[in-house]
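Data block below; observations after.
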Amino acid sequence: MDQTLYFTLPLIALCSVSECVQHQYYYINVIMNWTEAQRYCRDNYTDLATVDNTNDMNELNNVNKGDFVLVWIGLQRKWQWSAGDPVLYLNWAPGQPFGQDGCALMKYGQWEEGKCSDIWPFICYNTNTGLVFVNQLKNWRTAQSHCRQNHIDLVSVRNHSENQQVEQIMNANHVSKAWIGLIRDSWEWSDQSNSLYTHWNTGEPNNVGSVENCAATRHNNQGKWNDISCDNPLHFVCHEDELIVIRENLTWSGALRYCRQNHVDLVSVHSEEMQRRVMNVVKRASTAAVWLGLHNYCSMNMWLWLSGEIVCYQNWAPGNGTTPENCKLEKRKGAVQSGGDQRWISLPESHKLNFICRNRE
């Protein structure tokens with residue numbers, strides 16, 4: 001019965017050309033700081049504006065009405081460990097970080113954001129000896145250099161147990177504050193996009209006063225970006241993606257019904273360009289795989305998109321999609337892995353997963 005939901009006959013046996021997929025931008029004529037603007041965009045659209053390429057930048061300029069003022073986009077400095085460890089554990093004190101200075105220190109077992117030019121003792125990590133407390137007053141960068149020259153690096157605090165170890169060595173040395181290896185030093189998009197496109201103004205980002213941790217664009221300068229303090233009240237631009245991850249666990253047919261009732265359809269991935277879009281959004285999923293608009297037409301032993309088009313662009317994980325499916329027990333549908341290489345896999349349609357809807361035709 002569910003077949004009538006998705007089969008389109010006759011089959012379209014041609015591969016589609018690459019889609020022209022861009023963000024849909026919305027200029028918001030309200031003044032907010034960066035965090036408030038981010039919350040507004042997430043509540044009403046997808047997120048603060050992400051820019052993937054020159055076409056996106058031109059489109060953003062077209063909707064930006066703030067000809068002589070800076071306008072927020074969704075780019076902000078991110079926290080990272082000096083040693084390169086992933087930031088998976090956070091232990092900020094209440095009200096921290098406050099988005100100003102960009103270097104982290106520990107105080108009584110919790111973290112505070114400090115001015116990188118301030119001088120404090122610090123804690124290094126050494127492969128042979130473990131934690132090393134250095135009772136010398138240095139700014140964060142000088143402390144980092146000391147640790148790298150004499151040990152391995154400033155300490156990374158990756159879990160609660162390591163946080164307790166750092167607190168214990170500070171208590172043993174009778175200090176209340178010490179630098180750890182966390183710094184706000186590189187840039188990331190609010191929607192966690194992996195876009196590498198940049199459009200900085202000459203001399204930017206320059207982080208004047210160590211407080212410029214958010215990015216804004218100016219229409220009357222070809223949309224060039226400046227870094228400024230996140231506390232500034234500005235207009236801003238939101239975007240609505242063509243694709244949206246629905247963090248509900250439904251069967252494939254349930255996901256299809258949801259997308260058609262609330263958006264446009266389950267996503268079809270006809271090209272490498274669309275796959276990149278899928279890869280940008282699928283990381284927000286809460287399941288290991290996410291439904292696509294891909295189904296196996298058993299009587300013809302072939303995979304089809306919802307439009308009836310055959311699968312021309314291929315992104316299958318090894319062992320998936322290339323051999324005949326056994327449909328006697330249950331029909332098979334296509335999903336994309338939310339981690340790893342984000343390849344496509346074949347799963348029984350009764351599995352309950354997150355899924356990706358299209359917002360536009």
Side-chain angles (χ1 to χ4, degrees), residues 17-42 44-78 184-208 212-230 232-245 267 269-284 358-361:
V17 297
S18 177
E19 300 90 344
C20 180
V21 183
Q22 293 184 346
H23 300 291
Q24 186 73 37
Y25 294 110
Y26 300 88
Y27 177 82
I28 308 301
N29 192 25
V30 178
I31 292 177
M32 295 183 177
N33 66 36
W34 192 93
T35 303
E36 293 167 341
Q38 179 192 52
R39 187 179 305 114
Y40 179 96
C41 290
R42 288 179 172 179
N44 295 280
Y45 299 95
T46 298
D47 214 317
L48 268 169
T50 293
V51 183
D52 286 331
N53 49 49
T54 301
N55 288 337
D56 279 357
M57 194 63 240
N58 291 337
E59 184 64 25
L60 190 150
N61 271 336
N62 288 336
V63 302
N64 180 8
K65 308 300 182 183
D67 288 351
F68 301 102
V69 295
L70 289 166
V71 177
W72 289 130
I73 58 174
L75 196 59
Q76 186 183 43
R77 290 186 196 271
K78 70 175 181 179
R184 195 199 296 259
D185 200 35
S186 59
W187 292 86
E188 67 178 351
W189 292 102
S190 176
D191 67 355
Q192 303 301 298
S193 161
N194 59 8
S195 171
L196 299 177
Y197 175 81
T198 61
H199 194 56
W200 293 108
N201 199 1
T202 303
E204 300 286 345
N206 54 12
N207 199 18
V208 172
E212 297 186 331
N213 295 315
C214 293
T217 179
R218 191 191 301 271
H219 176 75
N220 70 337
N221 189 24
Q222 295 82 48
K224 294 288 186 178
W225 305 347
N226 286 47
D227 63 340
I228 63 174
S229 170
C230 306
N232 282 314
L234 302 178
H235 296 95
F236 53 98
V237 178
C238 303
H239 79 262
E240 184 174 65
D241 276 346
E242 180 183 4
L243 308 182
I244 181 171
V245 172
V267 65
V269 186
H270 297 300
S271 67
E272 186 176 359
E273 180 184 357
M274 181 60 86
Q275 175 64 18
R276 286 197 298 269
R277 295 284 176 171
V278 168
M279 292 170 71
N280 276 341
V281 300
V282 75
K283 66 186 72 174
R284 305 171 197 163
R358 285 192 294 114
N359 273 323
R360 301 194 297 275
E361 292 289 354

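Because only heavy atoms are used, hydrogens play no part in the values below, and waters and symmetry mates are left out as well, while side chains stay in. Throughout, residue positions are numbered sequentially from 1 according to the sequence presented.
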Under 6.0 Å between ring centres, would you say that holds for Trp187 and Trp200?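 Yes, they do, as the ring centres are separated by less than 6.0 Å.
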At their closest point, which heavy atom of [X] faces which heavy atom of [Y], and how far apart are they?
X	Y	answer
Gln222	His199	O-NE2, 2.8 Å
Trp189	Ala49	CZ3-O, 3.4 Å
Leu48	Cys41	N-CB, 3.4 Å
Arg77	Pro205	NH2-CB, 4.0 Å
Phe236	Val30	CE2-O, 3.5 Å

Practice prompt. Before giving the answer on side chain to side chain contact (heavy atoms under 4.5 Å, CB included), spell out for Val278 and Leu243 the whole-Å C-alpha distance, their side-chain angles and the decisive distance to 0.1 Å.
Written response: CA-CA 7 Å; Val278 168; Leu243 308 182; 3.8 Å; yes
Heavy-atom side-chain contact between [X] and [Y] under 4.5 Å:
X	Y	answer
Arg184	Gln76	yes
Arg276	Asp52	no
Leu70	Asn232	no
Trp72	Glu36	no
Asn206	Glu212	yes

Distance in Å, [X] [atom1] paired with [Y] [atom2], rounded so as to fall on 0.5 Å steps:
X	Y	atom1	atom2	result
Asp56	Ile73	CG	CD1	11.0 Å
Leu60	Asn55	CG	CG	12.5 Å
Thr217	Leu75	OG1	CG	11.0 Å
Arg358	Asp241	CZ	CG	14.0 Å
Glu59	Met57	CD	CE	10.5 Å
Met274	Glu272	CE	CD	13.0 Å

Notebook entry, point to check: Under the side chain to side chain contact (heavy atoms under 4.5 Å, CB included) criterion, do His235 and Ile31 qualify, and how do the steps go?
Noted result: CA-CA 5 Å; His235 296 95; Ile31 292 177; 3.8 Å; yes
Which of Asn213, Asn207, Val208 passes side-chain contact (heavy atoms from CB on, under 4.5 Å) with Asp227? It is Asn207
Per side-chain contact (heavy atoms from CB on, under 4.5 Å), Cys238 is matched among Tyr40, Tyr25, Tyr27 by Tyr40
Practice item. Quick one: do Tyr45 and Ile28 satisfy side chain to side chain contact (heavy atoms under 4.5 Å, CB included)? Show the steps, please. Key: CA-CA 11 Å; Tyr45 299 95; Ile28 308 301; 3.9 Å; yes
Please check if any side-chain donor atom of Thr50 sits under 3.5 Å from a side-chain acceptor atom of Asp191, or the reverse.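 Present: a donor and an acceptor within the cut-off.
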- Item | CA sep, side-chain torsions, deciding dist, call: Glu204, Trp225, side chain to side chain contact (heavy atoms under 4.5 Å, CB included) | CA-CA 7 Å; Glu204 300 286 345; Trp225 305 347; over 6 Å; no
The side chain to side chain donor-acceptor pair (under 3.5 Å) partners of Asp185 (sequence neighbours excluded) come to Arg141
Residue set satisfying salt bridge (Lys or Arg N to Asp or Glu O under 4.0 Å) with Arg42, at least two apart, ordered chain then number -> Asp47
